[in-house]
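Some notes on the structure that comes next.
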Amino acid sequence: MPELPEVETIVRTLAPRLLGRHIHFSEFLAPLVLRYNRDPIAERLAGQAIRSIERRGKFIVFILDRGVMVIHLGMTGKLLFDSGRTPYTRAIFSCDGLTLFYDDIRQFGSIEWCPDMPDRITRLGAEPFDITPDELFRATRNRRTSIKALLLNQTAVRGLGNIYVDEALWRAGIHPRRIAAKLTYNRAGALHKAMLDVLTEAIDCGGSSISNYVDATGRSGSFQERHKVYGREGQPCQRCGLAIRRITVAQRGTHYCPKCQR
DNA sequence: ATCTATTCCTGGCTGC
DNA sequence: TGCAGCCAGGAATAGA
């Protein structure tokens, strides 16, 4: 389940190997991966140089000579160099002798080509590393939904998913069902710090390897070893010792400490 | 406008 | 042991 730290790690392994190369051939083996755009993507990509590769939230954006290619890895998407075709290979890119395979078991991921940056990218909220504590606080005003739902929906900040929302809320001592508009200025500041800390540490660890996540060179991450709540139902909270509880918030499995998070 | 519920998909797990 | 049935979840979409 690639979230911001995993996607950042993948982009960092992609960029040095692909920048300046040309996509001289691409092949799409599953129609579902192209569901968001009817453009003949293989034609559009043919011969184009990769000028830069950027992360926007959980999206990977390839800036090309003409237009952009936007990849979202969904739940189980992987980009792998020279891994060979598997039953789950959904797309293949040949780039001046280097082959990039896009594998995705559950097919929640997507690939599209667009002449300009598509709306679903430009509409996203701020990068966590760009937003200020004050801006985060203001983004919670008048929002009647839970803080967890707000962080998941990518409109205030982009890139957090189920794992890092749970981890950030634990660090900030905020209950996942707390109404966003009820956060005090100080609590929002604590959340801002917790979010940056957990993302920074996770990137340093190469992400969390759940569901066999690996980067483009096949390396696993190790941040799952440092999770405080995610996947730790029933285990003691490392701050107070009480058992971590699992509930449902915003239709998502949610892990928290009933004592530390009010 | 804002929020909630549903949908997509399939390997792996649970329980009978 | 075998198998039906359920579960996980990001984001688009429909509905309230």
Side-chain angles (χ1 to χ4, degrees), chain A residues 1-11 28-38 55-61 70-79 86-91 102-112 114 117-128 138-169 176-183 199 202 207-214 224 227 229-234 244-256:
Chain A
M1 38 197 79
E3 303 180 25
L4 189 152
E6 292 77 33
V7 177
E8 178 66 27
T9 303
I10 290 166
V11 167
F28 295 86
L29 297 92
L32 202 55
V33 75
L34 300 172
R35 79 198 94 128
Y36 296 124
N37 197 321
R38 308 235 173 262
R55 182 187 56 73
R56 302 289 183 93
K58 298 174 218 172
F59 291 85
I60 302 171
V61 181
V70 176
I71 299 183
H72 196 293
L73 299 173
M75 289 293 299
T76 52
K78 296 178 186 178
L79 287 165
T86 74
Y88 309 113
T89 300
R90 313 300 185 189
Y102 171 76
D103 281 31
D104 187 6
I105 291 175
R106 292 187 207 171
Q107 302 191 80
F108 274 28
S110 65
I111 303 178
E112 67 175 320
C114 297
M117 203 65 83
D119 286 350
R120 62 198 197 117
I121 300 295
T122 58
R123 275 200 296 256
L124 291 170
E127 271 303 319
R138 274 186 278 135
T140 63
R141 295 306 88 185
N142 302 317
R143 301 303 296 266
R144 298 283 156 197
T145 192
S146 66
I147 185 61
K148 170 145 185 173
L150 181 63
L151 293 174
L152 282 177
N153 76 12
Q154 312 295 303
T155 57
V157 290
R158 63 194 191 215
L160 298 186
N162 206 36
I163 295 174
Y164 296 103
V165 167
D166 282 5
E167 292 297 319
L169 290 174
R177 284 201 176 120
R178 170 132 295 244
I179 299 303
K182 289 191 172 180
L183 284 187
L199 293 176
S208 303
S209 280
I210 307 278
S211 311
N212 302 317
Y213 155 78
V214 289
Q224 70 282 358
H227 288 176
V229 284
Y230 187 86
R232 296 191 69 248
E233 182 186 12
I244 298 302
R245 195 171 291 171
R246 189 179 191 281
I247 58 175
T248 297
V249 182
Q251 290 81 46
R252 295 288 171 261
T254 298
H255 316 73
Y256 77 108

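The sequence lines fix the lettering, A, B, ..., with proteins before strands; numbering per chain opens at 1.
Remark: P of B/dT2 and CD1 of A/I179 are 15 Å apart, rounded to the nearest angstrom. In this structure, NZ of A/K58 is placed 11 Å from P of C/dG9, rounded to the nearest angstrom. For the pair A/Y213 OH and C/dG10 P, the computed distance is 15 Å after rounding to whole Å. Distance CZ (A/R123) to C1' (B/dT2): 15 Å, rounded to an integer number of Å. One can place CD1 of A/I105 at 10 Å from P of B/dT10, the figure rounded to the nearest angstrom. Regarding A/R141, its CZ atom lies at a distance of 16 Å from the C1' atom of B/dT2, rounded to whole Å. Whole-Å rounding puts the A/L160 CG to C/dG10 C1' distance at 13 Å. Rounded to a whole Å, the CZ atom of A/R90 is 16 Å from the P atom of B/dC8.
The phosphate of C/dA8 has OP1 or OP2 within less than 4.0 Å of a side-chain N or O from A/R246. Residue A/Y88 has a polar side-chain atom (N or O) positioned under 4.0 Å from OP1 or OP2 of B/dG11.
A donor and an acceptor atom never sit less than 3.5 Å apart when one is taken from the side chain of A/R106 and the other from the base of C/dG10.
At the heavy-atom level, A/Y230 lies under 4.0 Å from the strands shown only through sugar-phosphate atoms. Across all strands, A/L73 comes closer than 4.0 Å to no nucleic acid atom at all (heavy-atom distances). Using a 4.0 Å heavy-atom cutoff across all strands shown, A/G253 reaches sugar-phosphate atoms only and no base atom.
Of the candidates C/dA11, B/dG11, B/dC3, the closest approach to any side-chain atom of A/H72 belongs to C/dA11. Residue A/Q251 places its side chain closer to B/dA5 than to any other of B/dC9, C/dG10, B/dA5.
Closest of all the heavy-atom pairs between A/D104 and A/G109 is OD2-N, 2.9 Å. Across all non-hydrogen atoms, the minimal contact from A/A250 to A/L152 is CB-CD1, 4.5 Å.
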CA sep, side-chain torsions, deciding dist, call: A/E6, A/Y164, side chain to side chain donor-acceptor pair (under 3.5 Å): CA-CA 11 Å; A/E6 292 77 33; A/Y164 296 103; 2.6 Å; yes

A/V229 and A/R246: CA distance, side-chain angles, deciding distance, side-chain contact (heavy atoms from CB on, under 4.5 Å) verdict: CA-CA 9 Å; A/V229 284; A/R246 189 179 191 281; over 6 Å; no

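Between A/I247 and A/R177 there is a side-chain heavy-atom pair separated by less than 4.5 Å.
Stacking of A/Y36 onto the six-membered ring of C/dA12 is not present when judged by under 5.5 angstrom between centres and under 30° between planes.
Each of A/R35 and A/T145 was matched to the nucleotide of DNA chain B holding its nearest heavy atom; the match closer to the 5' end belongs to A/T145.
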